[in-house]
Trainee: 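After the structure tokens below, expect a handful of questions from me.
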Amino acid sequence: MNYKKFGEIAHEILGLILIFFALFHAFSRRKCLAKFRVRNALNLALLSSFLATLISAVFLSEHIFSFIDFGFGADAAKNIHMFATHALFLLSAAHLGLNFRIFANLLSIKFNKILKFCLFLALLAFGIYSFVDLHFYEYLFFKTGFGLENKNTFLFSSAEYLAIFVAVMLGVRAINLRFKF
């Protein structure tokens, strides 16, 4: 979520709401972590990413947690926050891809197989294009902290992020159907 387009206060409030809902979801489903599986490793990485996002957000907060003055670590916190949020984005998409059955049952839309495949390829292609166009990979390898501005309009920028999310989700779903994680 681009805080410059939403505003800093809205960014902090919406981020906290998202993190608390996700942590509630994670801790309410802890009985599912009894056996080690690929899903559990992904869930643990997802939880770690949420916690890294939350901790770095407290260091960076200028509004909600402004009463806490750490006096150090702003540059490191920025890099960790950008890495954690981008990793969180991809891990969330992979998590939903593994649990796609829930959404498929809710939607239960029946398409022709060729139409499904063409739609899958189109979404995957746009997702890969958006991944490269937004320099998403640079955040994952600590090449960029804050600073890359998205020149696109809010609507197109949102569509690009959604395309990345859907491409990862559908890609993980396709792999999961093949190898049964």
Side-chain angles (χ1 to χ4, degrees), residues 1-26 38-65 70 73-100 103 120 123-176 181:
M1 174 174 38
N2 190 338
Y3 75 98
K4 290 182 181 179
K5 292 184 181 179
F6 273 102
E8 292 179 9
I9 295 173
H11 179 86
E12 289 185 21
I13 291 171
L14 291 173
L16 276 177
I17 290 170
L18 174 68
I19 286 175
F20 286 126
F21 275 129
L23 291 176
F24 174 76
H25 171 71
V38 171
R39 289 176 191 236
N40 293 346
L42 176 72
N43 290 341
L44 185 61
L46 188 59
L47 180 62
S48 300
S49 185
F50 267 114
L51 291 174
T53 300
L54 177 63
I55 292 167
S56 63
V58 169
F59 276 91
L60 295 173
S61 178
E62 294 180 3
H63 301 286
I64 295 175
F65 297 108
F70 294 103
D75 289 335
K78 286 178 185 178
N79 288 333
I80 291 169
H81 190 72
M82 295 308 293
F83 168 78
T85 54
H86 284 75
L88 177 63
F89 186 82
L90 295 177
L91 291 168
S92 297
H95 177 77
L96 288 176
L98 287 176
N99 298 301
F100 191 76
F103 296 107
F120 172 77
L123 287 171
L124 190 63
F126 186 53
I128 292 169
Y129 164 78
S130 299
F131 189 85
V132 173
D133 183 50
L134 293 173
H135 303 277
F136 207 90
Y137 53 90
E138 290 186 8
Y139 293 102
L140 297 172
F141 295 109
F142 293 103
K143 289 185 175 184
T144 302
F146 287 118
L148 274 184
E149 281 297 316
N150 190 346
K151 304 174 277 309
N152 300 324
T153 64
F154 176 73
L155 189 61
F156 188 71
S157 177
S158 299
E160 283 188 312
Y161 279 103
L162 183 63
I164 294 170
F165 194 86
V166 169
V168 171
M169 186 175 73
L170 292 177
V172 168
R173 177 65 181 159
I175 292 169
N176 186 31
F181 291 135

Trainee: Rounded to the nearest 0.5 Å, what separation is found between the CZ atom of F165 and the OG atom of S130?
Mentor: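 Here the rounded value is 14.0 Å.
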
Trainee: Show me the donor-acceptor pairs within less than 3.5 Å that the side chains of residues 82-89 make with the rest of the protein, sequence neighbours left out.
Mentor:
| unit_1 | atom_1 | unit_2 | atom_2 | d |
| --- | --- | --- | --- | --- |
| T85 | OG1 | H81 | O | 2.9 |
| T85 | OG1 | M82 | O | 3.1 |
| H86 | ND1 | M82 | O | 2.8 |

Trainee: When rounded to the nearest 0.5 angstrom, what distance separates CE in M169 from CG in L162?
Mentor: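 One finds 8.5 Å between CE of M169 and CG of L162.
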
Trainee: Report yes if the side chains of Y129 and E160 come closer than 4.5 Å at any heavy-atom pair, otherwise no.
Mentor: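 Yes, their side chains come closer than 4.5 Å.
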
Trainee: The criterion is side chain to side chain contact (heavy atoms under 4.5 Å, CB included); which residues satisfy it with L124, sequence neighbours excluded?
Mentor: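 Testing L124 for side chain to side chain contact (heavy atoms under 4.5 Å, CB included), a comparison that skips the adjacent residues, returns F120, I128, A167.
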
Trainee: Using side chain to side chain contact (heavy atoms under 4.5 Å, CB included) as the criterion, list what pairs up with I19, not counting sequence neighbours.
Mentor: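 Partners of I19 under the side chain to side chain contact (heavy atoms under 4.5 Å, CB included) test: L23, F50, T53, L54.
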
Trainee: How many angstroms lie between CD1 in I80 and CD1 in I55, if you round to the nearest 0.5 Å?
Mentor: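 Answer for the CD1-CD1 pair, I80 versus I55, is 9.5 Å.
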
Trainee: Rounded to the nearest 0.5 Å, what separation is found between the CZ atom of R173 and the CG atom of L96?
Mentor: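 Nearest 0.5 Å value for the CZ-CG distance: 12.0 Å.
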
Trainee: Looking at CG of L44 and CG of L91, how far apart are the two atoms once the value is rounded to the nearest 0.5 Å?
Mentor: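 The CG atom of L91 is 10.5 Å from CG of L44, to the nearest 0.5 Å.
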
Trainee: Quick check: closest heavy atoms across V172 and A94, and the distance to 0.1 Å?
Mentor: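 In terms of heavy atoms, the two residues are closest at CG1-O, 3.5 Å.
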
Trainee: Taking only residues two or more places apart in sequence or in another chain, which ones pass ring pair (Phe, Tyr, Trp, His ring centres under 6.0 Å) with F126?
Mentor: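 Residues passing ring pair (Phe, Tyr, Trp, His ring centres under 6.0 Å) with F126: none at all.
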
Trainee: List in chain and number order the residues that pass side chain to side chain contact (heavy atoms under 4.5 Å, CB included) with F20, two or more places apart in sequence or in another chain; answer none if no residue qualifies.
Mentor: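 Scan of F20 (side chain to side chain contact (heavy atoms under 4.5 Å, CB included), adjacent residues dropped) gives L16.
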
